[in-house]
Every structure is written in structure tokens, then in C-alpha cells.
Amino acid sequence: MKNGIFLIAGLVITVLYIFFSMQIYELMYYEAEFSQAMCDENMYLAVALITSGVAWAVAAIYYYAINSVGFARWYHWLIFLGIAVLLAAITDFVYPDSVFSEYDYEYTPQLIHFSLLNIIVEAVIFIVASYSMRWWSSNCRHTPIPQ
């Protein structure tokens with residue numbers, strides 16, 4: 001029962017993050033022109049979907065595809081957190097940059113700053129995903145913090 005509550009709570013937190021992504025990102029980084037372009041091109045939603053998808057996918061790979069006793073230490077989990085953060089940061093820079101280049105917008109410095117700030121969001125969503133799904137892993141359920 002407790003495990004199902006953690007999964008539902010993680011999904012609710014992720015959906016709320018996606019729904020309120022524009023407000024969250026503008027609290028973290030607001031530059032008038034850049035923020036308006038992100039809003040106009042619906043990039044906040046795209047970035048939120050990418051960030052959430054990467055976090056949940058990498059966590060699922062760690063807990064269910066890898067799921068090895070030899071890979072069940074906190075530092076192994078930290079490696080996967082690093083992979084998720086790196087993937088999200090790169091993707092959350094490349095995709096908006098490609099959309100903006102179609103419209104001849106030049107926001108490279110702002111996108112770099114935005115992507116670096118998005119590392120924090122990716123880490124939080126990865127932790128939420130980890131605690132939501134770790135309970136059903138046969139070998140890694142005690143990672144990163146034992147029950």
C-alpha cells in the first residue's frame with residue numbers, strides 16, 4: 001500500500017511540475033525577451049516534458065533494467081543521476097536552440113544559463129522518480145538511502 005502511495009505521489013508531483021513549468025522556470029530565470037520567446041514557442045512545456053521523461057526513463061533503467069546487486073550502491077545511483085542531468089541539460093539546450101534558429105532568434109547565452117539552472121529541476125524530478133519506483137526493484141530498492 002505504501003509503495004503505491006509513493007508512486008502516485010511521484011506522478012502527481014511530476015504532473016504538477018509539467019502543468020506549472022512556465023511559472024517555475026520564470027521564477028528561476030526571467031529575462032524579458034527570452035522568456036517571451038520561450039512562452040510564444042511553447043518551449044516551457046517542451047522542456048518540462050523532456051526533463052520529466054529523461055528523469056523517469058533513467059530511473060526506470062537503473063531500477064529495472066540494470067537492477068543488479070553489484071550496482072546497488074549510492075554512488076552507482078549518483079552516476080545515473082549524473083547521466084540524467086547531463087542528458088536533460090544537453091537536450092534542453094539543443095531542442096529550443098533548434099526551434100529558435102528557425103525563427104532567427106539568437107538566445108544562446110540565455111539558453112546556456114537556462115540549461116544550467118534546469119540541472120536543479122532535473123535532479124529534483126530524478127529523486128522524485130527514484131523514490132516513486134524504487135520499491136519494486138528486487139536488487140536496488142535500498143538505493144540511494146536504505147528503507
Side-chain angles (χ1 to χ4, degrees), residues 1-67 71-72 74-137 140-145 147:
M1 180 66 176
K2 156 181 100 166
N3 303 344
I5 292 171
F6 283 127
L7 179 62
I8 291 169
L11 291 171
V12 167
I13 290 169
T14 303
V15 168
L16 286 172
Y17 155 68
I18 291 169
F19 187 73
F20 292 109
S21 60
M22 183 181 75
Q23 291 85 355
I24 292 168
Y25 285 124
E26 287 193 354
L27 279 174
M28 291 176 59
Y29 180 71
Y30 181 79
E31 196 272 329
E33 246 182 77
F34 174 73
S35 295
Q36 187 62 44
M38 289 286 283
C39 235
D40 291 345
E41 304 307 323
N42 208 15
M43 286 292 105
Y44 287 125
L45 177 62
V47 166
L49 290 172
I50 291 167
T51 300
S52 299
V54 167
W56 281 83
V58 172
I61 289 169
Y62 176 74
Y63 286 107
Y64 301 114
I66 302 293
N67 195 22
F71 221 74
W74 66 269
Y75 48 87
H76 296 129
W77 177 86
L78 203 59
I79 290 168
F80 277 81
L81 171 63
I83 291 168
V85 163
L86 186 64
L87 280 172
I90 291 170
T91 309
D92 291 337
F93 173 82
V94 170
Y95 179 67
D97 190 48
S98 68
V99 170
F100 289 155
S101 67
E102 290 177 18
Y103 296 103
D104 291 328
Y105 296 158
E106 183 53 45
Y107 292 120
T108 303
Q110 292 93 337
L111 274 173
I112 291 171
H113 190 220
F114 179 79
S115 295
L116 291 175
L117 283 173
N118 196 47
I119 288 172
I120 297 166
V121 176
E122 177 66 26
V124 169
I125 298 296
F126 183 80
I127 291 167
V128 166
S130 291
Y131 279 92
S132 296
M133 67 175 69
R134 77 184 201 155
W135 311 104
W136 294 282
S137 175
C140 295
R141 71 176 161 267
H142 301 291
T143 310
I145 298 172
Q147 300 179 34

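Put simply, CZ on F126 and CD1 on I83 are 8.5 Å apart, with the number rounded to the nearest 0.5 Å. From D97, atom CG reaches atom CD of E106 across 7.0 Å, with rounding to the nearest 0.5 Å. Of the inter-residue distances, the one linking H113 atom NE2 with E31 atom CD reads 11.0 Å to the nearest 0.5 angstrom. Taking CD1 of I50 as the start and CD1 of I18 as the end, the distance is 11.0 Å to the nearest 0.5 Å. One finds the OH atom of Y25 at 2.5 Å from the OH atom of Y17 (value rounded to the nearest 0.5 Å). Of the inter-residue distances, the one linking D40 atom CG with Q36 atom CD reads 4.5 Å to the nearest 0.5 angstrom.
Between Y107 and F100, the two ring planes are perpendicular [angle over 60°; tilted spans 30° to 60°].
Test W74, F80, W56 against Y62 for ring-ring contact (aromatic ring centres under 6.0 Å, His included) and you get one pass: F80.
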Let me check something: any side-chain donor-acceptor pairs from residues 85-94 under 3.5 Å, sequence neighbours excluded? List them with distances.
| residue | atom | partner | partner atom | Å |
| --- | --- | --- | --- | --- |
| T91 | OG1 | L87 | O | 2.7 |
| D92 | OD2 | T51 | OG1 | 2.9 |
| D92 | OD2 | N118 | ND2 | 2.4 |

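Closest approach of S52 to I125, counting heavy atoms only: CA-CG2, 4.1 Å. Nearest heavy atoms, Y44 versus S21: O-OG, 3.5 Å. Between Y95 and S98, the closest heavy-atom pair is O-OG, 2.7 Å. Across V47 and P96, no two heavy atoms sit closer than the pair CG2-CG, 4.0 Å. Across every non-hydrogen atom of M133 and A59, the tightest pair is SD-C, 3.7 Å. Closest approach of R134 and Y64 over heavy atoms only: N-OH, 4.5 Å.
Summarising the local packing, CD of E33 is surrounded by 12 or fewer heavy atoms from other residues, nucleotides or ligands at distances under 6.0 Å. Atom CZ of F19 has 12 or fewer heavy atoms from other residues, nucleotides or ligands within 6.0 Å.
Residues satisfying the ring pair (Phe, Tyr, Trp, His ring centres under 6.0 Å) test with Y131, not counting sequence neighbours, are none.
With contacts defined as side-chain heavy-atom distances shorter than 4.5 Å, the pair S35/Q110 does not qualify. In this structure, F34 and L111 have side chains that are in contact, with non-hydrogen atoms separated by less than 4.5 Å. Put simply, the side chain of L78 reaches to within 4.5 Å of the side chain of L81, judged on heavy atoms. Using a 4.5 Å heavy-atom threshold, the side chains of H76 and T143 count as separate. When side chains are defined from C-beta on, V121 counts as touching M28, because their heavy atoms get closer than 4.5 Å. Considering only heavy atoms from C-beta on, W136 comes within 4.5 Å of L7 through its side chain. Side chains of Y63 and W77 form a contact here, defined as non-hydrogen atoms less than 4.5 Å apart.
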